Engineer: 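Below you'll find the structure I mean.
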Amino acid sequence: MNKTVFLQTFGCQMNERDSEGVKGLLLDRGYAFTPEIQDAEVILFNTCSVRQHAEDRVFGRSGILNKIKDRRPQTVIGVLGCMAQEHGSQFFRRMPSLDLVCGPGNIADIPEILDRVFKDRVKVTATDKINELEYTMDQVSYRSHRVRASVNIMSGCDHKCTYCIVPMTRGIERSRPSDDLVREIRSLAERGFKDILLLGQNVNCYGKKLEEGIDFAALLEKLDRESGAERIRFTTSHPKDANIKLFEAMRDLPSVCEHLHLPVQSGSTRMLKRMKREHTREWYLDRIAEYKKTVPNGSLSTDLITGFSGETDEDFEATKRLLIEAEFDSAYMFKYSVRPGTPAEKLPDDVPESVKHSRLQELMELQRSISFAKNARLIGTEAEVLFEEGKSDTPGKSVGRTRTYKRVVVHAGRDMEGRTARVKIRQVLNETLLGDLVEGV
Ligand code: SAH
Ligand code: SF4
Ligand code: F3S
């Protein structure tokens, strides 16, 4: 009988990609997957440390896991990912039902780790490969979608933003050789994947430590020329390394999509200094002005934190003004959450929770109206839409993305999966655009 696995993923797209890799490796070994935690013989959580809330969701499972373990002591329970790296073997004290703790760097060893746990019934901690040059998970070819596929181009982060735990959980910055990337993406394109998402904590720092002397813009050129991918997207970029060469690559390369995710975090230079973001408000606004000039139809999104240590009403007002000035297409916003071991842990967490919350609400409200107004300008225009895999629960409805990564819904009346078509935008519903296929395509 095949052992059944329940795998739940928290956190960012790099974790999604890691989980996909775990699934591929375990399917190869004959495991089967179940969406029901109660049925599973192996329960795995791929976790995120970036905010306390993400951690609480995992710790909150303790009770149910204890019950499962009481009822079925043979069940193997593991935490993978960033929380595993952060807490290491301390995890076993917080969650006694755990059998294994495996950091992101060790995650490709999961099949062997499970073998050991099943055979010897020991508790295993695997966190030693955090800075390993080669990220072995990248060799897993399994993909869980049919149209889009993610590819890690680099891992880790050498920045030192004071609030951020990622450098501690993902290790030092490492880039994959460009020939490897061409090979992987070419093979994905040959398998029929249309939409390639390049992943990294700071993709535009790509190549810094490689001997081949390549930067991110040059990688995009090479992938455009040699990989055969229809669409190439990328996330996340750091403002410090956002430059005209990158914007020109986005403008000129047919496969590279015109969407830039450029986290700003705050609109106040005073806050940015405290965060050690290595950019000022002015630098950021100059970069996005340059981007908009170079890629006039491009879209722009960002990340923001409210209530970081020392944030005054004035700092917050500066963030609001930046939101209005930048006119982001969308923004991910978070309340500041102190992370253990980060430099900001030593700063006072002095913005009351209620203020963090109300500032977040205010920003979200403001951004909603900006996004809506921006999307409304698209009504009546045409866009190139790549359709994602169809969902059986919505007959006749097809969902796709523009090159600027806006979600578009059409009633095509036929299967559009993996196809690219021109769509005329008719209506805006919050973040989604409704449109009609343009006849003749
Ligand atoms: N490497 C990316 C983002 C990594 S984490 C970058 O540099 O932009 C994703 C987002 O989580 C960050 O952009 C930030 O907005 C948010 N974040 C990180 N640490 C946080 C913390 N301690 N509290 C609240 N939000 C945080
Ligand atoms: Fe964290 Fe800053 Fe690195 Fe992004 S650049 S992962 S926010 S330390
Ligand atoms: Fe979270 Fe780790 Fe990603 S902390 S955001 S899962 S890199």
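We count ligands from 1, going down the list as the structure has it; atoms in each ligand are counted the same way. Keep in mind the model is a prediction, meaning the values are calculated, not measured.
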Engineer: Enumerate the atoms of ligand 3 whose separation from the nearest heavy atom of Asn15 is less than 4.0 angstrom.
Structural biologist: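 Close to Asn15: 6 (S).
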Engineer: Going by the closest heavy atom to atom 10 (C) of ligand 1, which one wins out of Leu304, Asp303, Thr306?
Structural biologist: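 Minimum heavy-atom distance to atom 10 (C) of ligand 1 goes to Asp303.
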Engineer: Can a donor-acceptor pair be found between the side chains of Thr9 and Asn46 at a distance below 3.5 Å?
Structural biologist: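 No, no side-chain donor-acceptor pair sits under 3.5 Å.
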Engineer: Is it the case that Gln139 and Glu134 place a side-chain donor and acceptor less than 3.5 Å from each other?
Structural biologist: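 Yes, side-chain donor-acceptor contact under 3.5 Å.
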Engineer: Evaluate the side-chain proximity of Leu27 to Phe33: yes if any heavy-atom separation is below 4.5 Å, no if none is.
Structural biologist: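 Result yes, sub-4.5 Å side-chain heavy-atom pair found.
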Engineer: Looking only at heavy atoms, is any part of Thr236 under 4.0 Å from ligand 2, and if so is it the side chain, the backbone, or both, or is it neither?
Structural biologist: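 For Thr236, there is no contact with ligand 2 at all, from either part.
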Engineer: So for Arg170, does at least one of its heavy atoms come nearer than 4.0 angstrom to any atom of ligand 3?
Structural biologist: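 Arg170: in contact with ligand 3 (<4.0 Å).
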Engineer: Going by the order shown, which atoms of ligand 1 are within less than 4.0 Å of some heavy atom of Arg277?
Structural biologist: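 Those of ligand 1 that fall under 4.0 Å from Arg277 are 7 (O).
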Engineer: Examine the proximity of ligand 2 to Cys157 and report which part, side chain or backbone, both or neither, has a heavy atom under 4.0 Å away.
Structural biologist: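 Only the side chain of Cys157 comes within reach of ligand 2.
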Engineer: In terms of atom number and element, which parts of ligand 3 are under 4.0 angstrom from non-hydrogen atoms of Gln201?
Structural biologist: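 Every atom of ligand 3 under 4.0 Å from some heavy atom of Gln201: 7 (S).
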Engineer: For Cys82, take its heavy atoms, then give the atoms of ligand 3 lying under 4.0 Å from any of them.
Structural biologist: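 Atoms satisfying the 4.0 Å criterion: 2 (Fe), 4 (S), 6 (S), 7 (S).
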Engineer: Please confirm whether Ser337 comes within less than 3.5 Å of ligand 1 when only nitrogen or oxygen atoms on both sides are compared.
Structural biologist: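 It does: an N or O of Ser337 is found under 3.5 Å from an N or O of ligand 1.
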Engineer: Measuring from non-hydrogen atoms of Met333 to any atom of ligand 1, is the shortest distance under 4.0 Å?
Structural biologist: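 No, Met333 has no heavy atom closer than 4.0 Å to ligand 1.
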Engineer: Under 3.5 Å, is there a donor on one side chain and an acceptor on the other for Glu41 and Thr4?
Structural biologist: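 Glu41 vs Thr4: donor-acceptor pair found between side chains.
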Engineer: Distance under 4.0 Å to a non-hydrogen atom of Cys48: what atoms of ligand 3 satisfy this?
Structural biologist: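 By the 4.0 Å cutoff, the relevant atoms are 1 (Fe), 4 (S), 5 (S), 6 (S).
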